[in-house]
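Excluded from the calculations below are hydrogen atoms, water molecules and symmetry mates; all remaining heavy atoms, backbone and side chain alike, are included. Both counts, for ligands and for their atoms, begin at 1 and track the order of listing. Position 1 is the first residue of the sequence; numbering continues from there.
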Amino acid sequence: MRIILIGPPGVGKGTQSTRLVKHLDIPHLSTGDMLRRAFQDNSEVGRASQEYMSAGKLVPDPIILKLVDQRLEHDDCRRGYLLDGFPRTLGQAQALDAFLAERGTPLNAVVELKVDHDELVKRLAGRGRQDDRPEIVSERLQQYARQTSPLVEYYRKQGLLVVVDGIGTQDEVFHRIQAALARIAQKQRDSA
Ligand code: AMP
C-alpha cells in the first residue's frame, strides 16, 4: 500500500506511523527524520535545510523533492510505503502525483489525523524537540494551516481521503486508522 499520513505537528503522526509500518511491513518515509539525519551527517541537504527547520519554516520544495524522489527509487519501496510529513505543499503534492503517474503506482489512501488546537499545543509542549519551543511551534502550526491544510481538499477530490479522530489512546487511534484504511480499500474495490 502507498499511504500518506497528513496532520498538523503534534497530532501523533510519528507514533501512529511507526505502528502502521510495522503492521503493514512497509518502509516509513518521514521527511522530517530524513532532514534531521542529513543535518547530523552534515550533508549539503542538511546544511541547506537547517535554518528553515530551526525557524519552523518549510524547507524549499526542490530540496524536499530531490530527497523524496531518491528515496522512492529504493527497492524497498516497491511493496509500498508510508509518507509521513510529505507532501506539505500543493507543489509537493503535484510533483508526487506526476512522479507516481509516470510509474503507474498511484496512492491508495491519504489519512488525515485530526485533533483540536488546544490539544496540539499541549502535546507539543510535552515533547522537548529542538523545534518544539512555543514561538517555533506557533510558526509550524501556521505553516500547516496555510500551506499544508489545502492538501486535505486536494486529496478529498481525488477520493483518497479518510479522516481519523486523533483523540484517544494510541490503540484507539490505531484501530480507527486500520478501519479507515479497510473502508477506503473496500470503496476502491467497489468502484473498480
Ligand atoms: P517534522 O518532523 O515532519 O515535523 O518536520 C520537521 C521540520 O522539517 C519541519 O518543520 C520543516 O522545517 C521540515 N520539513 C519536513 N518535511 C518537510 C516537507 N515535506 N516540506 C518542507 N519542509 C519539511
Side-chain angles (χ1 to χ4, degrees), residues 2-21 27-74 77 81-100 107 110-115 117 119-155 160-161 164 166 173 177:
R2 286 172 293 273
I3 306 169
I4 293 176
L5 196 56
I6 194 170
V11 79
K13 288 194 302 295
T15 308
Q16 294 299 333
S17 291
T18 306
R19 295 190 61 159
L20 205 53
V21 296
H28 178 193
L29 275 46
S30 153
T31 42
D33 286 349
M34 290 182 208
L35 291 169
R36 281 182 287 276
R37 212 171 305 127
F39 177 67
Q40 276 162 13
D41 295 345
N42 195 26
S43 73
E44 203 183 317
V45 166
R47 288 196 302 272
S49 306
Q50 177 53 19
E51 68 173 291
Y52 299 98
M53 293 176 78
S54 55
K57 309 258 188 217
L58 294 188
V59 174
D61 284 357
I63 299 181
I64 298 289
L65 290 172
K66 199 167 150 202
L67 206 63
V68 173
D69 282 10
Q70 282 172 355
R71 184 63 187 85
L72 289 179
E73 297 285 10
H74 283 209
C77 289
Y81 42 81
L82 175 75
L83 289 166
D84 162 15
F86 174 90
R88 258 178 159 98
T89 65
L90 212 51
Q92 291 179 15
Q94 287 163 343
L96 176 67
D97 275 352
F99 181 98
L100 297 177
L107 292 167
V110 177
V111 179
E112 183 198 10
L113 259 188
K114 263 186 133 157
V115 309
H117 183 84
E119 176 69 20
L120 282 183
V121 175
K122 207 164 71 192
R123 290 186 187 186
L124 287 162
R127 293 201 311 194
R129 221 169 72 178
Q130 266 281 351
D131 54 356
D132 284 341
R133 295 204 312 277
E135 65 279 18
I136 307 297
V137 161
S138 146
E139 178 63 34
R140 287 167 58 215
L141 289 170
Q142 279 181 45
Q143 296 276 340
Y144 181 81
R146 257 188 252 131
Q147 310 228 56
T148 309
S149 68
L151 298 187
V152 169
E153 265 327 292
Y154 179 84
Y155 288 119
L160 289 171
L161 188 77
V164 171
V173 176
I177 294 175

Looking at SG of Cys77 and CG of Leu82, how far apart are the two atoms once the value is rounded to the nearest 0.5 Å?
-> 11.0 Å
What atoms of ligand 1 come closer than 4.0 angstrom to any heavy atom of Arg140?
-> 4 (O), 10 (O)
Are any of the side-chain nitrogens in Arg140 or Asp132 under 4.0 Å away from the carboxylate oxygens of its partner?
-> yes
Would you say Leu58 has any N or O atom under 3.5 Å from an N or O of ligand 1, going by distance alone?
-> no
Hey, is the main chain of Thr89 close enough, under 3.5 Å, to the side chain of Thr148 for a donor-acceptor pair?
-> no
Ligand 1 contact on Val59 by region, counting heavy-atom pairs under 4.0 Å = both
Say whether Asp131, considering both its backbone and side-chain N or O atoms, lies within less than 3.5 Å of an N or O atom on ligand 1.
-> no
Polar side chain donor-acceptor pair, Gln40 to Arg36, under 3.5 angstrom = no
Test item: Arg47 side-chain N/O and Asn42 main-chain N/O as donor-acceptor pair under 3.5 Å = yes
Which heavy atom of the protein is the closest neighbour of atom 16 (N) of ligand 1, given with residue, atom name and distance?
-> Thr31 OG1, 2.8 Å
Atom 14 (N) of ligand 1 - nearest protein heavy atom and its distance = Leu35 CD1, 3.5 Å
Under 3.5 Å side-chain donor-acceptor pair for Ser54 and Asp131 | no
For Arg129, atoms of ligand 1 separated by under 4.0 Å from a heavy atom = 1 (P), 2 (O), 4 (O), 6 (C)
re atom 1 (P) of ligand 1, the protein heavy-atom contact at minimum distance is Arg88 NH2, 3.5 Å
Check: Gly85 N/O within less than 3.5 Å of ligand 1 N/O | yes
Which ligand 1 atoms does Lys57 reach within 4.0 Å, using its non-hydrogen atoms?
-> 11 (C), 12 (O)
Heavy-atom closest pair (Ala93 atom, Tyr154 atom, distance to 0.1 Å) is CB-CE2, 3.7 Å
Could you tell me which atoms of ligand 1, counted from 1 in the order shown, lie closer than 4.0 angstrom to a heavy atom of Arg36?
-> 2 (O), 6 (C)
Short list, please: which atoms of ligand 1 are under 4.0 Å from a heavy atom of Gln92?
-> 18 (C), 19 (N), 20 (N), 21 (C)
Between Met53, Gln50, Lys13, Met34, flag the one that comes closest to atom 8 (O) of ligand 1 by a heavy atom.
-> Met53
Taking Arg123 for the side chain and Val11 for the main chain, is one N or O donor matched with an acceptor at less than 3.5 Å?
-> yes
From Asp69 atom CG to Phe99 atom CZ, the distance as rounded to the nearest 0.5 Å = 5.0 Å
